[in-house]
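Heads up: the structure comes next, in structure tokens.
Just so you know, these numbers come straight off a predicted model, no measurement behind them.
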Amino acid sequence: MTCNRALVSDAASVTYFVAVNNGLNAGGGFNRAVRPGGGGANRINYDTYRDSACATIWSTAPNRITGTINFAGTGVMMQTQSWWGCVPAAQVGKNAGTFTDTVIM
């Protein structure tokens, strides 16, 4: 996140949230990435998470990422938020190849 406090009279902090949608190929409670052909063997389930252990799902409220940027003066402040895409194991019978999806944050 990048925010610019141009004037001292501007707010001294900004609270933000970032949500993510289920992508272009969502289904069955998971996001799905697809490869050309798009049928069952050409889809892999995955989801977006707020932690590397893939324990806290990241999506829309109430699971969105929130934070606050606090300014000490004027100027540009940046804050980084990390997230992970995790693919559940044991998805047998899938074709080899490159799978893609598009999510909106």
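- When the side-chain hydrogen bond (donor to acceptor under 3.5 Å, both in side chains) test is applied to N95, the partners found at least two apart in sequence or on another chain are N42.
- For the residue pair N22 and V103, the shortest heavy atom distance occurs at C-CG1, 4.4 Å.
- Taking Ile, Leu, Val, Met, Phe, Trp and Tyr as hydrophobic and joining them when side-chain heavy atoms fall under 4.5 Å apart, one finds V8 isolated, its cluster having no other members.
- Judged as a side-chain hydrogen bond (donor to acceptor under 3.5 Å, both in side chains), and not counting sequence neighbours, S9 has no contacts.
- Scanning for side-chain hydrogen bond (donor to acceptor under 3.5 Å, both in side chains) contacts around R32 gives an empty result, with sequence neighbours left out.
- I44 and V34 fall into different hydrophobic clusters, where Ile, Leu, Val, Met, Phe, Trp and Tyr residues are linked whenever their side-chain heavy atoms come under 4.5 Å apart, directly or through other members.
- Shortest non-hydrogen contact noted between G93 and A41 is O-CB, 3.4 Å.
- Residues passing the side-chain contact (heavy atoms from CB on, under 4.5 Å) test with T56 are R50, D51, sequence neighbours excluded.
- Hydrophobic cluster membership is shared by V18 and I69, with clusters built from Ile, Leu, Val, Met, Phe, Trp and Tyr side chains linked at under 4.5 angstrom.
- At least one side-chain heavy atom of T2 sits less than 4.5 Å from a side-chain heavy atom of V76.
- Within the structure, side chain to side chain donor-acceptor pair (under 3.5 Å) pairs that include any residue of residues 63-74 comprise T15-T68 (at least two apart or interchain).
- The side-chain heavy atoms of N31 and N25, taken from C-beta on, include no pair separated by under 4.5 Å.
- V87 and V20 fall within a single hydrophobic cluster, where Ile, Leu, Val, Met, Phe, Trp and Tyr side chains are chained together by heavy-atom contacts under 4.5 Å.
- Rounding to the nearest 0.5 Å gives a distance of 10.5 Å between CD of Q79 and SG of C3.
- Evaluation of the side-chain contact (heavy atoms from CB on, under 4.5 Å) rule for T80 yields no partner, not counting sequence neighbours.
- Checking side-chain atoms of R35 against main-chain N and O of T100 turns up no donor-acceptor pair under 3.5 Å.
- Under the ring pair (Phe, Tyr, Trp, His ring centres under 6.0 Å) criterion, the residue pairs touching residues 74-100 are W58-W83, with sequence neighbours excluded.
- Sorted by first and then second residue, the pairs that involve residues 60-105 and meet disulfide (SG to SG under 2.5 Å), not counting sequence neighbours, are C54-C86.
- Sorted by first and then second residue, the ring pair (Phe, Tyr, Trp, His ring centres under 6.0 Å) pairs with a member in residues 13-55 form an empty list; sequence neighbours excluded.
- The CE atom of M78 sits 12.0 Å away from atom CE of M1, with the distance rounded to the nearest 0.5 Å.
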